[in-house]
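Please read all numbers here as calculations on a predicted model, not as lab measurements.
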Amino acid sequence: PAEPTMVLRLKFLNDTERLARVRPSDTVGALKRAHFPGQEQQVRLIYQGQLLRDDSQSLAALHLAPNSVLHCHISPHSPGPTPAGPHASADPVHAALNVGSLMLPLFVLLLAVLWYFQLQYRHVFTATATTFLAGLTLLFSFMAFTMYRR
């Protein structure tokens, strides 16, 4: 006897849907190949908030009911290897140009230089400039603390 089929709903980010007729014994990879030919590496399927990473996993193992919704994300380019660290980049050019990770040390250095000049050359700094520098230091300290306390 032929294995029964069921219908799954493939839902995309733009809220469009596509129906997919599958068998419970089909794998995640077979589903991608059947409905996204040539884009298998770019398609990410999400079921109940979980990314379906294992292409060899059967749909039956996911306990999908008929009319279950699989959310689909199609990335514009094929994913590379996952970076080793939080700021690591697979592309060495982008890693060399990553100025964002230098912003905190640059602001700390800038504030330190401004405070040095304020202490060495008090006669140049007005009360307004000193108050502004103190406020900027407090604001930056608060922002750095809230961003990096995770």
Q.
Quick one, Leu133 with Leu111, criterion side chain to side chain contact (heavy atoms under 4.5 Å, CB included). Give me CA distance, side-chain angles, the key distance, then yes/no.
A. CA-CA 8 Å; Leu133 182 59; Leu111 282 174; 4.1 Å; yes

Q: Could you check Tyr47 against Leu8 for side chain to side chain contact (heavy atoms under 4.5 Å, CB included), going step by step and ending with a plain yes or no?
A: CA-CA 11 Å; Tyr47 177 63; Leu8 298 178; over 6 Å; no

Q: Kindly indicate, with the supporting measurements, whether the criterion side chain to side chain contact (heavy atoms under 4.5 Å, CB included) is fulfilled by Leu31 and Leu70.
A: CA-CA 11 Å; Leu31 174 68; Leu70 288 176; 3.6 Å; yes

Q.
Go through it in stages, so that I can follow the logic: the residues are Leu110 and Leu114, the test is side chain to side chain contact (heavy atoms under 4.5 Å, CB included), and I'd like the CA-CA distance, side-chain angles, deciding distance and then a yes or no.
A. CA-CA 6 Å; Leu110 178 68; Leu114 285 173; 4.3 Å; yes

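Applying side-chain contact (heavy atoms from CB on, under 4.5 Å) to Leu52 and the options Ile46, Leu62, Thr27 leaves one that passes, Leu62.
Remark: Phe107 CZ is loosely packed, at most 12 non-hydrogen atoms of other residues, nucleotides or ligands lying under 6.0 Å away. With a 6.0 Å radius and a threshold of 12 heavy atoms from other residues, nucleotides or ligands, Phe132 has its CZ atom at or below the threshold.
Here the side chain of Ser58 pairs no donor or acceptor atom with the backbone of Ser25 at under 3.5 angstrom.
The hydrophobic cluster containing Phe125 also contains Val113, counting ILVMFWY residues as joined when their side-chain heavy atoms lie under 4.5 angstrom apart, directly or transitively. A chain of hydrophobic side-chain contacts below 4.5 Å, direct or via other Ile, Leu, Val, Met, Phe, Trp or Tyr residues, connects Val124 to Tyr116. A continuous path of Ile, Leu, Val, Met, Phe, Trp and Tyr side chains, each step under 4.5 Å between heavy atoms, connects Val22 with Phe12, placing both in one hydrophobic cluster. Note on Met143 and Leu136: separate hydrophobic clusters, where clusters join Ile, Leu, Val, Met, Phe, Trp and Tyr whose side-chain heavy atoms are under 4.5 Å apart, directly or indirectly. Placement of Val69 and Leu64 in two distinct hydrophobic clusters is found when ILVMFWY residues are connected by side-chain heavy-atom separations under 4.5 Å, directly or transitively.
Between His35 and Arg18 the shortest heavy-atom distance is O-NH1, 2.7 Å. Considering all non-hydrogen atoms of both residues, Ala34 and Pro37 come closest at O-CD, 4.1 Å. Across Glu40 and Lys32, no two heavy atoms sit closer than the pair O-CD, 3.7 Å. Of all the heavy atoms in Ala127 and Thr131, the pair that sits closest is O-OG1, 2.7 Å.
Taking OG from Ser75 and CD from Gln41, the interatomic distance works out to 9.5 Å, rounded to the nearest 0.5 Å. Separation of atoms CG (Leu119) and OG1 (Thr130) is listed at 9.0 Å; rounding is to 0.5 Å. Separation of atoms OG (Ser68) and CZ (Arg9) is listed at 9.0 Å; rounding is to 0.5 Å. Rounded to the nearest 0.5 angstrom, Asp26 CG and Met6 CE are separated by 8.5 Å. In this structure, Glu17 CD and His71 NE2 are separated by 9.0 Å, a value rounded to the nearest 0.5 Å.
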